[in-house]
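Here's the structure, in structure tokens; my notes come after.
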Amino acid sequence: MALVRVALGARSYDILIEQGALDRAGETLAPYARKGRLVVVTDANVAAMQLPRLHASLRAADVAIAPIILPPGEQTKSWRHLEQLLDALLALEVERGDHIVALGGGVIGDLVGFAASILKRGCHFIQVPTTLLAQVDSSVGGKTAINAKAGKNLIGSFYQPALVLIDPSTLDSLPLRETRAGYAEVVKYGLIDDPAFFAWCDANAAALLAGDPEARTYAITRSVQAKAAIVADDERETSGRRALLNLGHTFGHALEADTGFSDTLLHGEGVAAGMALAFRYSARLGLCPQADADRLTDHLWAVGLPHDLATAHVRANGAELVGHMLHDKKMDAGTLPFLLARGIGQTFLSKDVVLDDVAAFLDADRTTG
Ligand code: NAD
Ligand code: GLY
């Protein structure tokens with residue numbers, strides 16, 4: 001079993017990564033059960049595919065499950081489902097000392113984390129992520145949220161879990177398109193500051209996406225090590241270090257907005273195309289070797305991820321996409337910080353980006369892409 005510690009003083013916690021961990025979760029989670037019971041929140045897809053494994057291992061450890069099963073999909077990160085979840089937790093008489101288990105992807109993790117942060121002014125929660133995106137990104141670091149009419153993730157809190165338990169084998173039931181979208185967040189860590197990991201991704205992405213357990217476990221472990229170090233350094237995204245995790249997200253957010261935050265473009269797919277655009281824009285500014293931007297574009301193409309406006313199914317022009325960026329929650333006193341790169345593994349935060357220039361770049365990139 002790999003163990004990664006998120007070092008945050010009194011809020012420190014472990015991330016445990018092991019193939020088959022869900023079948024041994026009874027042992028791991030029994031110490032967190034009070035009165036012989038754990039409340040497990042999940043969605044209907046995960047309930048069908050993975051909950052029986054958790055149920056069996058908890059039963060073997062004499063721990064009863066109180067399951068709460070929510071509908072799958074982004075719309076579950078809403079006031080309505082938050083209220084439904086809080087009412088269900090209160091009906092189960094969850095106390096401040098209890099640990100709620102979030103079994104699922106980023107939707108369940110973000111919603112349960114937020115509910116835990118406000119239930120009785122805060123109870124504990126444990127992340128058991130079941131998508132690649134959640135295993136390498138959203139289950140670690142304590143960002144919790146629901147969506148508002150005005151935009152995604154606009155209502156939430158920083159609230160760290162007590163434990164993250166990752167079983168790569170849960171990905172066996174995840175649709176390949178979802179795994180691929182989560183893979184964009186894996187390759188992101190190489191692009192930020194780890195060129196050797198990018199090279200590993202280039203060589204091993206096919207094995208990882210084909211379900212090779214060693215490749216999955218290695219990629220997840222290396223990703224959470226990177227994220228844990230960044231979060232320990234800048235938990236609340238104040239120093240700029242944690243903002244590096246938003247590589248590709250400003251372009252990606254605009255692409256997601258143009259496609260209506262729908263199944264046309266999954267979040268990770270938007271991030272993939274957004275990272276390729278950030279690298280090509282950096283090359284156009286003369287900051288990054290064109291060869292590095294091309295290497296990233298080729299890699300994303302090879303794994304089947306979107307890498308430009310056309311493959312992201314985006315129809316809007318540059319000005320319209322920049323219009324979407326103006327609603328980005330990272331806007332700060334009229335400027336939008338951008339993640340740019342000096343090369344693979346050399347991402348940095350720039351506050352000097354001229355949005356009209358970005359619009360012109362997007363139009364030119366569509367023509368030459
Ligand atoms: P998701 O939770 O919607 O899961 C994707 C789909 O896969 C859903 O239909 C789900 O039911 C299904 N699923 C999950 N696990 C499965 C499994 N093992 N087998 C079969 N089906 C399974 O989406 P996601 O991509 O995991 O997360 C996206 C969310 O994460 C977004 O709301 C995003 O805002 C959030 N996010 C949060 C952070 C953070 O730091 N908190 C970071 C990145 C993204
Ligand atoms: N996914 C970005 C962050 O956790 O900060």
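In listed order, ligands and their atoms are each counted from 1. Excluded from the calculations below are hydrogen atoms, water molecules and symmetry mates; all remaining heavy atoms, backbone and side chain alike, are included.
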> Restricting to pairs with a member in residues 115-133, which pass salt bridge (charged side-chain N to carboxylate O under 4.0 Å, His left out), not counting sequence neighbours?
Replying inline: none
>> Quick check against the 3.5 Å criterion: does D308 have a side-chain atom that pairs as donor or acceptor with the backbone of T311?
In response: yes
> Between I108, T130, V112, which is the residue that forms a side chain to side chain contact (heavy atoms under 4.5 Å, CB included) with L103?
Replying inline: T130
> Under a 4.0 Å heavy-atom cut-off, what residues line ligand 2?
Replying inline: D137, K143, K227, E237, R242, L245
> Have T170 and R53 got a donor and an acceptor in their side chains that come within less than 3.5 Å?
Replying inline: no
>> Is the shortest side-chain heavy-atom distance between I155 and F114 below 4.5 Å?
In response: yes
> Is there a path of hydrophobic side-chain contacts, each under 4.5 Å between heavy atoms of I, L, V, M, F, W or Y residues, that connects V271 with W301?
Replying inline: no
> Which residues satisfy the salt bridge (Lys or Arg N to Asp or Glu O under 4.0 Å) test with E178, sequence neighbours excluded?
Replying inline: none
> Please walk me through it: do Y281 and F361 pass ring-ring contact (aromatic ring centres under 6.0 Å, His included)?
Replying inline: CA-CA 7 Å; Y281 184 55; F361 157 73; 5.0 Å; yes
>> As a test of understanding, state which of D294, L300, I344 forms a side chain to side chain contact (heavy atoms under 4.5 Å, CB included) with F279.
In response: I344
>> Heavy-atom contacts with ligand 1 below 4.0 Å: which residues, ordered by chain and residue number?
In response: D43, N45, V46, Q50, P72, E74, K77, G105, G106, V107, D110, T130, T131, L133, D137, S138, K143, K152, N153, T170, S173, L174, E178, K227
